[in-house]
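The structure presented is a predicted model; accordingly, all values stated were derived computationally and were not measured. In the text below, chain A, chain B and the rest are named by the order of the sequence lines, each starting its count at 1.
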Number of protein chains: 2
Amino acid sequence: MKTAVDKKLLAERMASFPELCLRAGIRVTHQRTEVYREVAATLEHPDADSIYRRVRRRIPQISLDTVYRTLGLFGEKGIISRVSYPGDRARFDGNTGQHHHFICTKCGLIRDFRSDALDAVRPRLKNVPCGRITSVQIELRGLCRRCARA
Amino acid sequence: MKTAVDKKLLAERMASFPELCLRAGIRVTHQRTEVYREVAATLEHPDADSIYRRVRRRIPQISLDTVYRTLGLFGEKGIISRVSYPGDRARFDGNTGQHHHFICTKCGLIRDFRSDALDAVRPRLKNVPCGRITSVQIELRGLCRRCARA
DNA sequence: TTATGTGCAAATCCTTTGCAAGGCG
DNA sequence: CGCCTTGCAAAGGATTTGCACATAA
């Protein structure tokens, strides 16, 4: 299964990183750049510890708490998004565009997907008895192909 | 805002509890009955500690870990459902039927809702490139009426 | 009676925080 | 240079676990 982001997309994301920081009013540091790179480079929705381990390959002396602080900050500023599922730790996603999630209930795999059919649901939500709606996200749960086979 | 489940619905849920345990292959105990009652009685999606505090009014000597174990077990067996949102602890919901969630991004309020329009989306998901889909859940994020006013 | 469930206490895991030193703008 | 960031170490909070006793079936 494909786990790495397309090389060109990654390059674009990395190129826009200083701009993202500027708009967010935060400084560009070596640590932040590498944390962003790891989140932006994978389709796997890694947790904080995985990111820590991967970033250490480039910055051996980085500390786990810096990774946590950085991820929390990025999440707050909308530079990445934060995802969480019952019984699981927080996970992070470099894809901040409109998308939905498929979650395998057996192995925990999370996969982004887009769907025009699903996006079309949005206008139908006028009659839902809530306040002001800012986002619509659909979660599909089930078994991924690999787990379905087993 | 309404926070308690309709009396009649609660009575039905309590009446079906022994049956639910039987099907799940677990024993009916005083503690489990009261933990279930608290989750089944509220629309508020309480966390483990709230449930602990409420159940203690009926069983003062119950321990927090029993509440955790019970909630975890109920979640596994599908007797209640477990919900979680980024940066928040686990929360529990006595409504196991098909429904969706509205989440207030400011105050954390979670509200169940049903929607035929949303349910209609389900058949359109054939072409989503995932494995076998067992549930479709839609999450609306935004501001609840109270927060929108402020 | 016998497998299950409970309470207690301690452990574990994830995450956050205070503070002094370092580095970006 | 001044404020923002980092690393370290320690704290914090939620949740889980081992074990002996209690209890539902």
Exercise. Relative to F17(A), does R13(A) satisfy both conditions: NZ or CZ under 6.0 angstrom from the six-membered ring centre, and within 45 degrees of the ring's axis?
Worked result: no
Exercise. What orientation do Y36(A) and F74(A) show, parallel under 30°, tilted 30 to 60°, or perpendicular over 60°?
Worked result: perpendicular
Exercise. Given atom OH of Y52(A) and atom C1' of dC13(C), what is their separation to the nearest angstrom?
Worked result: 15 Å
Seminar exercise, completed: When rounded to the nearest 0.5 Å, the distance separating OG of S16(B) from CD of E19(B) is 8.0 Å
Seminar exercise, completed: First and last nt of DNA chain D near chain B, cut-off under 4.0 Å to heavy atoms, 5' to 3', are dA14(D) to dA25(D)
Problem set entry | Pair R141(B) + E139(B), salt bridge at N-O below 4.0 Å | yes
Problem set entry | Salt-bridge criterion met for E38(B) and R58(B) (N-O under 4.0 Å) | yes
Problem set entry | Check: L73(B) and R32(B) side chains under 4.5 Å, non-hydrogen atoms | yes
Exercise. Of all of residues 58-71 of chain B, which get a heavy atom below 4.0 angstrom from DNA chain C, listed by number?
Worked result: Q61(B), I62(B), S63(B), D65(B), T66(B), R69(B)
Exercise. In terms of side-chain geometry, is the basic nitrogen of R91(B) or E44(B) positioned less than 4.0 Å from the acidic oxygen of its partner?
Worked result: no
For this session: Have a look at R111(A) and tell me which of K2(A), H45(A), H100(A) forms a side chain to side chain contact (heavy atoms under 4.5 Å, CB included) with it.
Result: K2(A)
Seminar exercise, completed: B/S/- along nucleotides 20-25 of chain C (protein heavy atoms under 4.0 Å) is ---BBS
Problem set entry | Rounded distance (Å) that lies between atom P of dT16(C) and atom CD of E76(A) | 10 Å
Exercise. Where do I79(B) and T96(B) come nearest, in terms of heavy atoms and distance?
Worked result: O-CG2, 3.5 Å
Exercise. Can you find a side-chain donor-acceptor pair between H101(B) and Q137(B) that sits under 3.5 Å?
Worked result: yes
